[in-house]
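One structure is given below, encoded as structure tokens.
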Amino acid sequence: MLKKTIGLLLMQGLAIALWSQESVSGVVISEDKKGRFNPIPFANVYWMDSNFGTTTDSNGVFQLAIPENASYLIASFVGYSSDTIEVSSYAKPLTLKLGTSVKLSAVEVEARRKSTEMSFMNPINTENISQDELFKAACCNLSESFETNPSVDVNFTDAVSGNRQIRMLGLDGPYTLISRENMPGIRGLGNAFGLTFIPGVWVESIQLTKGIGSVVNGYESIAGQINFELQKPEAKEETFFNLYANQGGRMEVNFIKNQKVSERWSTALLLHGNMRAFEQDMNSDGFRDFPLQEQVNVMNRWKYDNGKGLMGQIGFHYVNDEKVGGETEARKEELQELGRDALYRLQINSEKAEIFTKTGIVFPAYKYRSMGLQMSASFIDQESFYGIRDYHAREESFYANYIYQSIISNSFHKFKTGFSYLYDDYNEQLDDLEFSRTERVPGAFFEYSFEPSPQFTLVAGARWDEHNIYGGFFTPRIHLRYASDEYTVFRLLAGSGQRTANVIAERQSFLASSRSFQFLGQNPAYPFGIPMERAWNYGFNVLRNFTLDYRDGYVSLDLYRTEFVNQLVADRDESSNEVLFYNLEGESYANNAQFELSYELIKFLDLRAAYRFTEVRTQYRSGLRQQPFTPKHRWFVNLAYNTAKSLKGANWSFDLTLKRHGEQRIPLTADNPLDDQRAEMSPAFFLLNSQITRNFNEQWSVYVGVENLLDYRQENPIISSENPFGNNFDASMVWGPIFGRMAYFGLRMTLGKSEM
Amino acid sequence: MKYLVILLISAFSFAANAQESTKKIAETTFEVDGVCGMCKKRIENAAMRTPGVKLAEWNVETHQLKLVYKTTKVSKDELHQAIIAAGHDTDKMKAEDSVYDQIHDCCHYRDEAVINKHKKKAVSGNTAH
């Protein structure tokens with residue numbers, strides 16, 4: 001390897017010697033199976049749009065005169081894919097890299113790209129959700145980005161805060177690792193409202209992984225990983241503007257500006273503001289269906305790329321969010337009638353600030369060798385009250401992750417290794433109770449990939465983390481992929497994951513009730529007396545792509561099982577006036593089976609249909625029972641149609657999503673007076689969402705949509721809503737939509753988008 | 001069970017459909033003028049958006065457009081018309097100048113300068129063969 005480096009240096013040295021003012025010089029190379037670079041003799045080198053060209057000598061070195069206005073240099077050689085580079089400086093020797101051999105008469109087949117794609121080559125079962133897919137349901141933030149996806153459920157946590165949480169494999173949001181460009185995105189206290197801090201239009205794409213992910217990203221993923229990529233400053237120079245308003249009174253403004261500042265620097269400014277200025281009470285229960293709110297959200301980042309293997313970025317993110325929910329102003333007049341003198345209100349003020357950096361180095365001579373360092377420092381502060389309960393929480397956190405990747409002897413054997421450090425300082429105050437803890441977790445990881453052929457991949461990873469409170473723990477994970485033919489791929493995975501439960505922050509919706517919080521954790525060494533949550537996850541997936549009548553489709557089957565060793569159990573089945581928090585005493589598991597079919601039904605009409613069976617059972621004090629508010633059966637159908645684009649780029653697109661939620665178990669209410677009791681199971685119901693988008697040209701588009709077209713509503717979502725300071729009040733028993741049918745409207749404008 | 005029955009029925013009707021239609025399916029190849037990847041997209045899209053066309057593949061080097069289509073739904077002439085309506089000349093028909101003018105500048109395949117610009121890449125690249 002060393003010899004090759006020296007060789008390359010010598011070649012470049014030679015090229016420098018040949019350098020003169022009127023010409024450029026450089027070397028043409030190609031990479032072999034072991035990831036090493038070899039010079040290509042007699043390759044063609046020529047300027048784009050000109051007659052000047054030459055061939056390399058026996059050492060792969062060339063020298064070429066510079067014609068006027070020449071900026072793009074192309075190298076090509078028979079059997080290799082060519083390389084084009086932009087020449088910014090004539091002084092430096094250039095390196096042109098040819099791709100490994102391509103089939104000579106390969107015909108480029110341009111398939112219509114689907115807006116969601118199931119990976120075929122990735123050993124980890126990952127679904128890519130593109131921006132086109134995100135545009136199908138244009139509201140509003142990350143928690144609503146999954147409306148057209150059958151694998152992620154989005155539920156309201158309660159009937160007063162307007163907050164939603166996601167679920168994967170039937171397990172609550174915190175069990176899914178949410179990362180922003182592979183750095184911790186939403187975790188810790190952020191799990192409570194963090195999804196609403198990521199505006200939907202900032203998101204460029206989402207990668208959805210079911211089950212445990214890679215050890216490189218930490219030990220926290222249990223049910224899955226959601227990685228989201230934000231708009232990239234370097235992608236294209238453009239200005240994006242978006243307005244949105246809905247019938248629920250929500251208004252949004254988004255502005256994104258990407259700019260290349262210099263040859264090496266580019267920057268992106270992302271701005272978002274939203275507000276809900278007037279109150280609505282569609283179900284006439286005296287409570288605002290959504291809180292009034294205001295949010296200001298800013299991100300700015302700078303990216304650096306010196307074109308020689310050094311890349312970096314630095315940025316910050318700031319959010320300020322204020323919500324006021326609870327009883328309506330109109331209720332004031334009824335107070336006397338109700339026999340009390342105050343309105344029930346809740347207020348949640350959150351603030352988040354973060355700075356982050358990333359540095360990466362790739363070694364030009366060794367494609368497979370690279371290293372990277374990611375760091376972020378952040379704080380989240382939440383000041384809130386729910387009726388007469390005060391809750392204040394603050395988290396200060398620091399994260400660093402160093403990753404080195406290379407190959408062992410050849411590119412069949414790759415590895416990633418590195419170490420991480422996590423610092424988390426939590427301070428929570430619930431009325432008179434104060435909880436604080438500081439976590440310091442240094443860790444190290446190693447992940448080995450064996451890919452002897454395009455048919456087979458094995459990824460085996462492990463990490464050791466030394467936690468200052470919970471001690472050291474080991475996290476092994478394995479992923480296998482086997483493609484039996486060019487259409488069919490099988491995947492297997494097994495591994496563990498763990499996390500610290502943020503007992504109050506994550507179950508904040510329970511504060512919107514009169515339930516008293518009983519912390520029954522047994523171990524005095526741990527915060528809340530509860531050990532770290534730990535689970536094993538096993539998965540099997542088969543994906544088969546097919547072409548029927550010249551149109552593409554796929555069928556897939558997923559089977560997953562998650563078994564908890566330790567889990568924070570929130571038990572609402574002992575009494576309707578209490579919630580008990582304790583460590584799992586017995587079994588807790590989640591079984592999932594999902595069948596999915598996707599096909600272009602008729603030309604340009606895409607169908608995606610799925611059925612999922614979800615069994616999430618936990619040992620409560622009252623027995624082994626299905627987790628509340630988790631339907632066993634779910635059906636999903638999405639239809640998307642695009643009309644032809646005119647020469648200017650104008651067209652229509654239509655999108656329709658129909659979901660059926662099965663019956664859900666409702667926690668105990670039998671000890672309430674008759675009026676405040678609820679059925680043991682919720683009824684099954686349908687949700688229908690639709691959106692029509694009109695693109696006028698490549699720059700302008702408007703969209704109109706309706707959520708919950710069938711106008712389905714949960715009746716009386718708030719238990720004892722007339723007496724919110726009484727013993728039976730509970731706004732956290734939500735299983736269906738609170739607001740009925742809701743129309744929305746928006747417009748998008750993109751300037752400076754390049755045509756290709 | 002109800003769902004299973006519906007699924008089975010739809011699967012069968014799919015199969016029946018496919019069988020019936022294969023009999024009326026024809027394949028044709030003709031020349032369409034164009035210069036680049038953007039042209040390819042435009043040509044293939046124009047073809048695919050024509051009712052009855054099932055598959056369209058245009059080769060930037062040979063200028064050959066391969067089509068699979070239903071003979072009962074679309075005739076050869078109509079296929080040519082669909083392509084010229086998108087601004088591209090075929091070996092049988094010529095696109096209206098007014099349509100041709102609307103396509104992107106870099107796709108103006110009748111312009112010698114544009115052709116040369118695109119050709120240069122290909123020719124220089126081929127000298128190695």
Side-chain angles (χ1 to χ4, degrees), chain A residues 40 42-56 72 74-82 84 98 104-112 547-553 595 597 599-604 607 609 611 633 635 642-649 651 660 698 755-756, chain B residues 3 7 10-11 14-15 17-19 21-22 25 36-38 40-46 48-62 64 66 68-70 82 85-87 99-107 113 116-129:
Chain A
I40 303 292
F42 315 116
N44 297 286
V45 182
Y46 53 97
W47 293 99
M48 190 188 267
D49 309 333
S50 94
N51 293 316
F52 289 89
T54 185
T55 52
T56 56
Y72 288 94
I74 302 167
S76 69
F77 192 60
V78 59
Y80 292 85
S81 60
S82 62
T84 307
L98 299 180
L104 270 180
S105 58
V107 183
E108 198 185 317
V109 181
E110 177 134 347
R112 202 160 69 87
T547 303
L548 183 66
D549 198 19
Y550 304 95
R551 295 186 300 276
D552 296 334
F595 177 77
L597 164 78
Y599 182 59
E600 194 177 337
L601 219 48
I602 52 176
K603 271 197 299 177
F604 305 105
L607 164 81
Y611 163 75
H633 308 281
W635 296 84
N642 294 306
T643 64
K645 269 196 175 165
S646 75
L647 287 171
K648 282 196 179 124
N651 79 333
R660 184 178 190 274
E698 301 290 347
E755 272 267 4
M756 290 275 287
Chain B
Y3 295 103
L7 236 129
S10 47
F14 250 135
N17 257 333
Q19 220 170 32
S21 53
T22 43
I25 294 216
C36 61
M38 241 168 104
K40 180 180 164 72
K41 223 169 159 180
R42 190 180 306 109
I43 294 165
E44 289 177 354
N45 246 316
M48 284 304 286
R49 288 290 178 181
T50 312
V53 176
K54 295 192 162 286
L55 186 103
E57 222 175 87
W58 183 73
N59 187 312
V60 90
E61 278 160 41
T62 63
Q64 296 298 311
K66 181 185 150 191
V68 176
Y69 65 102
K70 259 183 171 167
V99 182
Y100 170 81
D101 290 342
Q102 281 184 60
I103 66 174
H104 196 270
D105 284 347
C106 95
C107 299
N116 283 334
K117 195 172 159 184
H118 287 288
K119 241 186 197 156
K120 193 115 313 141
K121 296 184 211 171
V123 170
S124 323
N126 286 340
T127 49
H129 287 251

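Smallest separation of non-hydrogen atoms from A/N642 and B/R49: O-NH1, 2.8 Å. Between A/K603 and B/T50, the shortest heavy-atom contact is NZ-O, 2.8 Å.
Looking at B/A46, neither its backbone nor its side chain comes within 4.5 Å of chain A, counting heavy atoms on both sides.
Interface check for chain A: of the options B/T62, B/L55, B/V68, the most heavy-atom pairs under 4.5 Å are formed by B/V68.
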